Amino acid sequence: MPKTTKTLDLAVIRFAGDSGDGMQLTGGRFTDTAAVVGNDISTLPDYPAEIRAPAGSLAGVSAFQIQFSSKEIHTPGDTPGVLVAMNPAALKVHLPELIRGGTIIVNADAFSKKNLTFAGFETNPLEDGSLDDEYIVYSVEMNKMVTHACKGMDLPAKIVLRTRNLFALGILYWMYDRPLEPTENWLETKFAKKPEIAEANKRALNAGYNYGNTAEIFTTRYKIEKATLPSGTYRNINGNYATALGVLAAAEKANLKVFYGGYPITPASDILHAMSSWKQFGVKTFQAEDEIAGIASTIGAAFAGNFAVTATSGPGVALKSEALGLAIITELPLLIINVQRGGPSTGLPTKTEQSDLLQAMYGRNGEAPMPIIAAATPGDCFFAAYEAARVALKYMTPVFLLTDGYLANGSEPWKIPSLDKLPDIETNLIDALPDGEESFLSYQRDAETFGRPWAIPSVAGLEHRIGGLEKKDGSGNVCYEPDNHHQMTVIRQEKVNKVVQEIAPTRIIGETSGDLLILSWGGASGTARSATEQLQEEGFAVSHVNLRWINPLPSDLKDILKQFKKVLIPEINNGQLIKIIRAEYLIDAVGYNVVRGKPLRASLLIEKAKEWLG
Amino acid sequence: MPKTTKTLDLAVIRFAGDSGDGMQLTGGRFTDTAAVVGNDISTLPDYPAEIRAPAGSLAGVSAFQIQFSSKEIHTPGDTPGVLVAMNPAALKVHLPELIRGGTIIVNADAFSKKNLTFAGFETNPLEDGSLDDEYIVYSVEMNKMVTHACKGMDLPAKIVLRTRNLFALGILYWMYDRPLEPTENWLETKFAKKPEIAEANKRALNAGYNYGNTAEIFTTRYKIEKATLPSGTYRNINGNYATALGVLAAAEKANLKVFYGGYPITPASDILHAMSSWKQFGVKTFQAEDEIAGIASTIGAAFAGNFAVTATSGPGVALKSEALGLAIITELPLLIINVQRGGPSTGLPTKTEQSDLLQAMYGRNGEAPMPIIAAATPGDCFFAAYEAARVALKYMTPVFLLTDGYLANGSEPWKIPSLDKLPDIETNLIDALPDGEESFLSYQRDAETFGRPWAIPSVAGLEHRIGGLEKKDGSGNVCYEPDNHHQMTVIRQEKVNKVVQEIAPTRIIGETSGDLLILSWGGASGTARSATEQLQEEGFAVSHVNLRWINPLPSDLKDILKQFKKVLIPEINNGQLIKIIRAEYLIDAVGYNVVRGKPLRASLLIEKAKEWLG
Amino acid sequence: MTEKIEFAPLTKKDFVSDQAVRWCPGCGDYAILAQTQKNMPTFGRKKEDFVFVSGIGCSSRFPYYMNTYGFHSIHGRALPIASGVKLANPDLSVWVVTGDGDALSIGGNHFLHTLRRNMDLNILLFNNRIYGLTKGQYSPTSEVGKITKASPFGSLDYPLNPPAVALGSQATFVARTIDRWQSHLASMMERAYHHSGGSFIEVYQNCLIFNDNAFESYTGADKLENVIELKHGEPMVFAKGTKGIKLDGFTPKVVSMDEFSLDDLLVHDETNLDLANIISNWTSHPILPEPIGVIYAINKPTYNEQVDKQIETTIDNIGPGDLEKLLNSGDTWVVE
Amino acid sequence: MTEKIEFAPLTKKDFVSDQAVRWCPGCGDYAILAQTQKNMPTFGRKKEDFVFVSGIGCSSRFPYYMNTYGFHSIHGRALPIASGVKLANPDLSVWVVTGDGDALSIGGNHFLHTLRRNMDLNILLFNNRIYGLTKGQYSPTSEVGKITKASPFGSLDYPLNPPAVALGSQATFVARTIDRWQSHLASMMERAYHHSGGSFIEVYQNCLIFNDNAFESYTGADKLENVIELKHGEPMVFAKGTKGIKLDGFTPKVVSMDEFSLDDLLVHDETNLDLANIISNWTSHPILPEPIGVIYAINKPTYNEQVDKQIETTIDNIGPGDLEKLLNSGDTWVVE
Ligand SMILES: Cc1ncc(C[n+]2csc(CCOP(=O)(O)OP(=O)(O)O)c2C)c(N)n1
Ligand SMILES: Cc1ncc(C[n+]2csc(CCOP(=O)(O)OP(=O)(O)O)c2C)c(N)n1
Ligand code: SF4
Ligand code: SF4
Ligand SMILES: [Mg+2]
Ligand SMILES: [Mg+2]
C-alpha cells in the first residue's frame, strides 16, 4: 500500500498508560527528538499523586502531551490529535479530550477482560464499534510485537514487555518522520551498564518504526518542518531545572555562593535535586527537617553572606510565612520559589494551579510587602529566577518567584543564554564603616534602592544586631516609638515600590489599543498568547500583555489598560490577579477562571474572549 | 481656699509610671469606679514589651488611659487632659500627647537626679519652668505622703512606697468626685490574706483624697454625671474576656462542649487563661507545643464533635495557615481568633494594629476562602464571637474572628445579655444515615447553607474518611477529576458567599446619602464613630458604616456606597479593607492609614475627612 | 476503656473500606494494612469507635482503606489532630499511622510532646527510611551516605533512632516490629491497644521502589540470626536459642549458648528505663541482633484521663458551671 | 577553628553592646550575660567572628546585649537560623541563646534535628521552667501541677528532661549548669566552645517574677547537699566529700562516705552514652543530688565539616564548576 506524506504546521500527541508503562520517559524521548529536529515544542507531563497505583487502575494513569510545530508555539496544545493508550484505563481517562476524528493507537494486548472491568468498560471499545465512527483507531498487539522483536535475546518476559513504550514510540517516529538515532544513543548511555536492556529497547523502537512503515494499516505520514527559531545553541529544558540554573547563574554573576535550604515537596523537589548535584560550584544544600527550618536556615545563611534560596509549593509557603516576615523586617536578600500546585490544603499535589498569588502578596502577618515575579514559560524560569535574585541582592529584600506545576515539569526548546549578556548583579556588601560614620548604622539606606548595607559576620567594626522587633530607622536598634513604626511601615512598602525602576517597558503583543486586552501572568501566558494570536488572525482587535512583575506592577500598565475597551484576565484560579488589577486601576476587568489542575485551553479562552468582543 | 465644682461632659485621663508602679491596676480601679458611678467609659492600657524593664527607664513606662463621660462615647480619647506621671520617664514619654493647658500630677519624690538623667532630662522640668506656661502642674511628694499615712503600721518602707499609686488614685477620685468604697472593697478582697497590705493601700487612697480636699493647691473639682445608657445590668468588660465568654455562650447554646487548643502569645493569651479557668463548664483547654499543634488539635476535636476554638495573634496565624487550609477543605466548624498586634514579624507585640485582614482573607495556599468577622468594641467581642461560632456550626466552616490589642485590653461598660435573647445555634450533627441514602455521603450538602453533615466518630453507620486531598462532590472520597476540582473550588467559595444571608441590614450612622461615608472595620470603628458624630455636629453631610462581616461583604453595601460622593476608610494599617472595597465595587475610596501601634485619633481623622469635604 | 461490649462480632471484612488501595504492588504497607484489618475485630470493640488519623506520605494513605472513622491530614500533624480527637472523646480508640518523614522530620516536635504527655494514642510509625511519596529523598532515619535524588553524593545527616527519641521524650510504651513478621506485628498492636497512654510502635516497612531491601537481613532467610525478640522477664536469646546477650557493665555482648546458660543472660525488663535506653541503642548495630518487641512499657496516668478528672473534680467542688451567673459575676451595676 | 590569632587582647567591655539591658532587675539572665561577656575574651578570638542567635523569650533578648554580630529571630527558630549562619561561614563561632519554651516547646523539632546532625553550634538553654516573656504560663519543663494563668487548676503535662531529650536526639555534648554558679557556668561555656559539634548546655535560670526560687535548693545555703558536680574520670562525690553515688544495677544510691571509700563509687565517664542516659534521668530526683557538669561528650564529625568536605572532594574529583559548560550540557543543537 502506498503511503502518503502530509505536511502540517503542528501536531499535538498524547502518550497515556499505566504508571509502570514509562509514559513520562516516552514523552521525554519524543520531545528531545522533536527538539533536535528543530521543531518548536511545548510539553505537559501529567502524572498521578500515587507513586504507582495498582496496575490498570484509573488512578494509576500517567500521561505526557506534546505539541510540536514548525511555527512558534506557546502551549502544549489544548487537545491532542493523536492518543497513544497503553491500556483501557488510559483510554478511558484521556479519550474525552481527544479531538473528534483524532487518531488512537492502543496496545490491544492490554485490553483484557480484567483491565477493561478495572477501567470501567462494560464491553471492549476496540470491538464494540463505539470508537469507530468518531476516531481512527489503530489497535496493535504490542506485547506480541516486542516479544517477537526480542526473540533470541534470552530476556525474561517481564523485561521484554517493558519495552512496549519504545515500540509505541517507534510507530510515532514513523508517523512523524523522525530519526531514531537520538533515542538509540540515549538508550545506550542510559543502559550503559545493561547493554541487553538497551538492545531490547532499541529492537522494540525499530520494530515499532518498521511496523508503521510496513503494516498495511498506516497510510499517512506527517511532516512537520523545522521551526524558524532565533539563531543560537538550544537545549530542551523544563521549568524546575531552568529555575535552578537561573539561581546558580545569578550567584556566579554576583560572586556569591548559593545556599539552598528546603524540604522536599511536589512539584518543587527537583529544584533541590538539581542544587544538590552542584557541589563543584560550592552550592550548599540543606535538606531541613521541615519548611520552617528550611527558610530559617536560608535567613541565617543570608545574614552570613550567602545567596540564599528556598523552593517549595503552597503548603510549604504557608509554613514559611512567619519566617518570611522576619526576612522582610530584617531586610535580607532571599529568594523564595513557589512551584504552585492545586489547593487548598494538600489539594491536587501533582496538578498545576495559579492560586497562590494572593498568598504571596498577603500571606503574612502585619504589613509585610515583598516583590513578586512570575515566570511565563519553562525556559523563562531561568530568567525570572535570575531577575528575582538580582532584585533581592540589589534591594536587600526577599523576593517571591512564582512558577507552577505545568511550567516546572513542562519543557520547551531553550536558547542557551550567554553569561556575558546577562545583566550585572549589584550587592550591598560592605567591609568597613562608611566614611564619616561613627558607629555602624545597619538601616542606613541607599537612596535609590532603599537597600541597607549587608554587613556580614567576620567583618570587623560592623558588629550589629538584627531581629524581628521593629527597628529604628537608620540605626536598626529595637524601637517602639509610634512614629518610627509608621515611618518604617511606609519605608518597607516604598522599597518594594522602588523595584518598579527595574521593570522593562511592558511588551504588548498586538496593537497598543483595541477592543480587548488579554492580561495574563505566569503559566497562563502561553494560552493567552495563543488565543490572542488566533483572535488577531480572525481579525479581532485583541492584544496580549503578560505580567512578569506583579509586585510592584509596571508603571506603564495603567496607561496600557486604558487603551482597551475591556480587559480579560485568564487565570487557573478563582480570580486573583484580577483583584489586584481592579483595586489598583478601578477598571472593570473580567476573569476567565478554570481550575481543573491543567493549563487553560486556548480554544475556550477564545470563546470567552468572543463573548466580550460581541 | 474655697473649691469650685465644674460639670463636664467627659474627661480623658492617663496614668503613667514605671512598670513596677502599678499603673494598670490604678487605671483598672478608676475604670471600675467610673463604671459603677454610671459613666460611659472606654479604656486603653499601654504596656511595654518587656516584663519589667529597668526601673526609671523610658522603655519601662507603662500607661493606662481612660475616657469617661455622661454621654455615649466610642473611644478612650485622643489625648488626655490630665496626666499622672509617677516618674520622669513617664513624663518624658507621655507629655507630648497631653493637651495644651492640661493638668499634670507628678510624684515629685521620684524626680531624683538619677531618674531625670535616665529619662533624658538635662534639668528638672518641675523646677526649670519649662512646663509652667503650657500646663497646670501639681507636684506632690507622694513618697513622703504615703510614709506619713502608714506611720505606725510597722511595714517595710518598700511596701509602704508601693502604695503611691493608690495615693495618686485618691487625688483623682477627689478631683472627679468619685466614691472610695468600690476601691476599698476591692482592696479588701484582693488582699484578704494580707490585711496589713489592704490597710496600707486604703490609707494611701484616703490620704490622696484628703490631700486633694484640703491642700491649698487644688482649686477645682469636676463632676461628670451618669450617662444615660440603655437599661439593664452592666459590668465592665475587656475584649479578650468578652471573646472568651462569647465562645462559651455559643457552645452552651449549641449544647456542645468547648475545646480550646492554642499556644500563648501576646495579646491573645488572656483568652486561653479565661478558658482554662472554666473547668466547671467542661471546657477543655490544651496548651499545645506550638500554634500548629494548637490548631491541629482543634481540627481533631471538631472532627470528634466539640466546638473547637483557637486564638492567637499574627505570627501564630502565619503558623496556623497550612492547617486552616485543611479545616477549609474538610469543612469542619472551627473558630480562629486573631487578636491583632503590630507587625510585620514580631513587630510591636504589645501594640495594636489592624494589619492582618488580608492575611485572614488570603493567607493560605490555593483557593481557600473562609468567613471573616471583626469585633468593633471590647464588649462587642462577645457578640462577634457568638456570631462567628453560630456561622461556623451552621455552615460547617472555619470562621475567622478578628479583634486587636486595643479591643482585647481596652474595656467598656457592657450590658450583660440575657441568654434567651441570643439567637439559636443550629448544627449539622447527624446520628444516622439520612433516609434514602445507601451509603453515607459525607459531602452531601444542605441546600441553604452548603453545610455538610457532621458525623462524629462513635456514630454507627456513618464511618467515613476525610482529608486534605480534593474530594468528590457528594461522596467526599478522594477525587482527582479535573471538573470535580473546578466544581469544588466554586462550591467552597459559594459556601462563604452564602453567609451573606446571615448579615443584618447595614446600620448607617447618619443620613443614607451624603458627601462622605466613613467606612470602618474592627477596632477603628470607635474613632470613626466619634469623628462622624463631631463632623455631623459641625454640619457636614457625613455618615458612618462599620463592617462587621468582611467576608462576605453585606449585600446592601454596594448600594450604600453609591449614595456618597466619597468613601473614606480609616485603618490602622497601610490600606487593607480599602483594597477589598476598591476591587469589589470599583469605587475610588481613599484611606486614612496611621500605623503607630495605637488607636487612630478622631481629631486627625476629622482633619482628613475635611480634606475630602473641601 | 478496654472493656468488651455486647454486639455481633466483627470480622476483617468489616474493616475493609470500599476504596481501592493505591500503594505500589509489593509495598510493605499492604502487609501492615491486612494485619490491622485482621486485628481490629479481635479487640471486641465497635468499629465506629475506632479512628485512624494520619499525616501525609505513602503510609499516611492508610485511613482511607480502613472502614472506620478516618482522617488523612497534613504532613506531620497527625499527632496533634489525633490528640484533639482523643481529648474531645476519650472513649474512642485512636490510632495514628505515620511515616519516618511524617513523624520524625516535619512532625518531630509533635512526636516529642504527644509522647511526653502520655496522650492515649496508638502510634504506628512505618519506617521505610526514605521519603516514599515524594519519590525517594533520604529521611531522618536513612543511613549516612545514602545516595538519593537529594543527596547524589551521599547524605550527611546522622540518622535518628526512633525508640531513643521516644524514650528521650518520656514515652511510656515503646515497641518495634517488622512488616513481614505478621504475628509479631499483631501482638505488638494488641499490646498497644491495651496500653493506657501513648503507645509507640516502630514498624520496619519495606519501600520496594525507593529503598528496597532496607530490612532484608531481618526478613530474609537469615532473619532469626539478625533479630532478637524481647520478652519481658525472659533471658535474651535468639538465633533459635543458639545465641544470647550478656551485659558487660552497660555493654551488651553476643554470646554462644554453647558456652553460657540462660541464667547468664541479660533478662529483659520492659519497665526499666535504663535498660530500655541501652537496648534502644542497639538499633542497626553492626554486631548485635536488631531488638524487636516491647522495649519499654510502664503505667502512668494519661493526659486525657487527667483532663477529664480535673473537670470532674472541679464540678464536684463548685458544681457545674452556670453561665448566667458567670456573665453576671464581678462588679455589676444596674441602669434603670 | 579554635586556634588563636594574633590581635590585641579583648576584655569584657569589648563584648558589652550599647543597648540598655531590659530584664527584670534580679533576673538570672543578668548573671549569665555577665559571665558570657567575661568569658568571650578568654577564647582569644576576634569579636567579629562571634555570632549570637536567639529565638523569642526573655532569654532571647540576649544578643542585643552582646557587642558581636547578633540575630534575635522568631520564636523557636534560632537553631535552624544559626545552622544557616554556620553552614554559610563555618569559621564563625556561633552561639544560640534560647529558653525552655523557645527551644523545647515551639522549637523542639529543630532542637532534635540540629543535635542529631551534630551541627557545630553552642547552645545555651536558659531553663527557668516557665514562659517569662508572655507573663507566666507553664512551660514544657514545668513540674506537674503547676499553677499558672494557663493552668489555674494545675498543669497536667509531664515535664521534659532537656538532657534526656538531647541524648535521645544523638547529641554529642550535653551539659548542665546554674546561673548563680558563675565559675562552673564559665567552665561549661569553655568546654562547649572547644567541643567540635553541637554543644548543648542547660542553664538553670531563675525567673523571679513568674517562677521564683525554682532552683533555690541548688543555689541556696544547702546547695552543696543538693547538687553533684560531674567530673570525667572521677568518682561521684558531693556534699563536700561527705556523700557519694554508687550504682546498684542501673540504680544509683546515695551513700555516706563514712561507710564507703572513693573506690566504691560510680566513676563518671562522659563518653559513655548508657551512663549519660542514667545520669540524665536523675533530673529533679527526690533523693539524688542534681547532676551538673558535662554529662556526655564524644567526638564525631560535624555536619558543617562534612558539607565542606563533600564540596572539596567533588572539586578535587571533577574540578570546579564551569557554568558555561553546565548550561550547554545535555542534548543541544544549533539553530543558524
Ligand atoms: C507541608 C508539606 N511539606 C512537604 C510535603 C511533601 N511530602 C509529602 S509526604 C513527604 C514525606 C513522606 O515520607 P514518609 O513520612 O516517610 O512517608 P512514606 O511516603 O515514606 O510512607 C513529603 C516530604 C507535604 N505534603 N506537605
Ligand atoms: C509564633 C509565636 N508564638 C508565640 C509567641 C509568644 N511567645 C513569646 S516568648 C514565649 C515563650 C517564652 O518562654 P521561654 O522560651 O521559656 O523564654 P523565657 O521568656 O522564659 O526566657 C512565647 C510563647 C511568639 N512570640 N511567637
Ligand atoms: S513508594 Fe515505596 S512506600 Fe510508597 S507505596 Fe511505593 S513501595 Fe510503598
Ligand atoms: S519575667 Fe522572669 S525571665 Fe523574664 S526578665 Fe523577668 S525575671 Fe527574667
Ligand atoms: Mg518513609
Ligand atoms: Mg522560660
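Being a predicted model, the structure only gives us computed values, none of them experimental. In what follows, chains are A, B, ... by sequence order, proteins preceding strands, each numbered from 1.
Side chains of I292(A) and I292(B) form a contact here, defined as non-hydrogen atoms less than 4.5 Å apart. Residues H485(B) and E353(A) form a side-chain contact, since some pair of their non-hydrogen atoms from C-beta on lies under 4.5 Å apart. Between Q576(B) and E367(A), the closest side-chain pair of non-hydrogen atoms falls below 4.5 Å. Two residues are said to be in side-chain contact when any heavy atoms from C-beta on lie closer than 4.5 Å; L469(A) and S345(B) fail this criterion.
The OG1 atom of T350(A) lies 7.0 Å from the OH atom of Y480(B); values are rounded to the nearest 0.5 Å. Taking CD of Q359(B) as the reference point, atom CD of Q359(A) lies at 10.5 Å (rounded to 0.5 Å). How far CZ of R364(B) is from OG of S321(A): 11.0 Å, rounded to the nearest 0.5 Å.
Per-residue counts of heavy-atom pairs under 4.5 Å with chain A were compared for A327(B), G347(B), P369(B), A368(B); the largest is that of G347(B). Among the candidates A583(A), A318(A), G343(A), the residue making the largest number of heavy-atom pairs closer than 4.5 Å to chain B is A583(A). For chain B, the option among I581(A), V478(A), L348(A) with the highest count of heavy-atom pairs below 4.5 Å is L348(A). Between chain B and the residues G363(A), C479(A), G468(A), the largest count of heavy-atom pairs under 4.5 Å involves G468(A). Considering only heavy-atom pairs separated by less than 4.5 Å from chain B, the leading option among G467(A), S313(A), P315(A), P48(A) is P315(A). By number of non-hydrogen pairs under 4.5 angstrom with chain A, the leading residue of Q493(B), K598(B), R492(B) is R492(B). Top candidate by heavy-atom pairs under 4.5 Å with chain B, chosen from P344(A), G314(A), G325(A), is P344(A). Ranked by non-hydrogen atom pairs under 4.5 Å with chain B, the options N338(A), V93(A), I329(A) are led by I329(A).
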Between side-chain atoms of residues 588-595 of chain A and protein atoms elsewhere (two or more places apart, or another chain), which donor-acceptor pairs fall under 3.5 Å?
residue	atom	partner	partner atom	Å
D588(A)	OD1	R582(A)	NH1	2.7
N593(A)	ND2	N573(A)	O	2.9
N593(A)	ND2	N573(A)	OD1	3.3

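A search for side chain to side chain contact (heavy atoms under 4.5 Å, CB included) contacts involving D483(B) returns R596(A), not counting sequence neighbours.
Heavy atoms closer than 4.5 Å to chain B are found nowhere in L58(A), neither backbone nor side chain. Of the two parts of I587(B), only the backbone, made up of N, CA, C and O, holds a non-hydrogen atom closer than 4.5 Å to a non-hydrogen atom of chain A. In this structure, the portions of E322(B) lying under 4.5 Å from any heavy atom of chain A include both its backbone and its side chain.
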Is there a side chain to side chain contact (heavy atoms under 4.5 Å, CB included) between V317(A) and N365(B) once you walk through the steps? CA-CA 7 Å; V317(A) 173; N365(B) 59 299; 5.9 Å; no
